[in-house]
Peer 1: 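Can you keep this structure in mind? I'll have questions shortly.
Hydrogens, waters and symmetry mates play no part in the numbers below; they use all other heavy atoms, side chains included. Numbering starts at 1 and runs along the sequence shown. Note that ligands are numbered from 1 as they come in the structure, with each ligand's atoms numbered from 1 the same way. Note that the structure is a prediction, hence the values are computed from the model and not measured.
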Amino acid sequence: MKKILVTGGAGFIGTHLCEKLLNQGNEVICLDNYYTGSKVNVEELIGRKYFELIRHDITFPILIEVDQIYNLACPASPVHYQVDPVQTTKTSVHGSINMLELAKRTGARILQSSTSEVYGDPEIHPQKENYWGRVNPIGIRSCYDEGKRCAETLFFDYYRQYNIDIKVARIFNTYGPKMQLQDGRVISNFIVQALKNENLTIFGDGAQSRSFCYVDDIVDGLIKLMNSRNDFTGPVNIGNPDEISILELAEKILKLTGSKSKIVYKPLPLDDPKRRQPVIDLAEKELGWQPQIQLDDGLKKTINYFKSRVLYNKL
Ligand SMILES: NC(=O)c1ccc[n+]([C@@H]2O[C@H](COP(=O)([O-])OP(=O)(O)OC[C@H]3O[C@@H](n4cnc5c(N)ncnc54)[C@H](O)[C@@H]3O)[C@@H](O)[C@H]2O)c1
């Protein structure tokens with residue numbers, strides 16, 4: 001049994017990760033400041049013998065004995081990370097320093113949940129880990145993108161300077177149950193709009209593409225990376241290479257929900273990347289990982305979750 005700290009553990013991906021780690025027989029400490037996560041997300045875990053919940057902001061240091069740290073804390077949706085951009089950068093930068101210092105003190109292995117956003121609006125398609133990215137350093141998305149890039153820098157400098165046992169995952173668009181319903185991410189937006197028979201809003205012409213990975217696959221990839229061979233640090237892309245245009249996605253969700261909604265178009269927000277698709281050869285080779293869940297199956301599970309929220313008037 002390992003003692004595992006999951007920062008951001010009450011968020012969307014963190015909740016699924018905590019549950020899986022517990023089910024694998026570990027002791028899990030879920031740390032969160034509930035900025036975008038909530039206790040409701042982990043309500044089924046509260047009371048389990050090896051689950052502990054701590055309210056804490058990682059921009060401040062914390063001292064606890066652990067064997068592994070998954071550093072997930074950071075708002076991931078533009079709607080949320082742009083509300084307080086200074087705090088977003090602090091969470092990535094100060095937060096990473098605090099978690100890396102904790103790893104240094106305890107000898108814990110530490111995994112950073114980085115993002116495909118480090119590639120920015122890429123000139124190279126699809127994106128491989130050796131691509132350095134094309135990020136606007138002063139735009140409205142920079143607090144997140146540059147914060148995450150600096151966090152990667154810190155992870156590699158702690159590795160080189162202090163020999164910290166690091167792993168860096170570059171996560172691509174993820175979806176599934178427990179996504180926040182109103183956080184502006186495209187899948188949650190479309191499903192909520194479809195279920196309410198409201199217009200589905202496409203920003204731009206809908207030709208921009210994304211590659212969506214179901215949350216269970218992401219969690220599986222993160223755990224495989226954490227337990228990968230000692231000298232493998234990453235960065236490694238964790239995402240689904242199946243690319244789909246936003247228009248196709250909207251049409252698929254309309255079909256799966258049986259909604260009568262119409263599609264409407266609005267201007268594209270600033271610095272919105274046009275294409276995103278991971279090359280996952282490295283994850284396949286090093287982790288023996290590839291996504292297992294098809295988009296249609298994952299969407300059905302997500303729609304069912306959102307429907308249950310509609311029934312309870314939580315939309
Ligand atoms: N969901 C995606 O598509 C995606 C894609 C790429 C990377 N990621 C990364 O994965 C991680 C988890 O993303 P998510 O989708 O679950 O987002 P989320 O917003 O649902 O979860 C983030 C969690 O971190 C917590 N948090 C934020 N700031 C904190 C702080 N200073 N101290 C303590 N807790 C804090 C929030 O309350 C929330 O529970 C993030 O680091 C994100 O950047 C997510």
Peer 1: For the pair Lys301 and Asp297, find out whether any cationic side-chain nitrogen is under 4.0 Å from an anionic carboxylate oxygen.
Peer 2: no
Peer 1: Please evaluate residues Met1 and Tyr50 with respect to the criterion side-chain contact (heavy atoms from CB on, under 4.5 Å), reporting the C-alpha separation (whole Å), side-chain torsions for both, the decisive distance (0.1 Å), and the verdict.
Peer 2: CA-CA 10 Å; Met1 178 190 274; Tyr50 295 111; 3.5 Å; yes
Peer 1: For atom NZ of Lys2, is the number of surrounding heavy atoms from other residues, nucleotides or ligands below 6.0 Å larger than 12?
Peer 2: no
Peer 1: Are Lys178 and Phe12 in a cation-pi setup, meaning NZ or CZ lies under 6.0 angstrom from the ring centre and within 45 degrees of the ring axis?
Peer 2: no
Peer 1: If you count only heavy atoms, which residues are under 4.0 Å from ligand 1?
Peer 2: Gly8, Ala10, Gly11, Phe12, Ile13, Asp32, Asn33, Tyr34, Tyr35, Thr36, Gly37, His56, Asp57, Ile58, Leu72, Ala73, Cys74, Pro75, Ala76, Gln87, Thr91, Ser113, Ser114, Thr115, Tyr144, Lys148, Ile171, Phe172, Asn173, Thr174, Arg185
Peer 1: Just grab all the salt bridge (charged side-chain N to carboxylate O under 4.0 Å, His left out) pairs involving residues 206-219, residues at least two apart or on different chains.
Peer 2: Arg210-Asp272
Peer 1: Would you call the rings of Tyr81 and Tyr144 parallel, tilted or perpendicular if under 30° counts as parallel and over 60° as perpendicular?
Peer 2: parallel
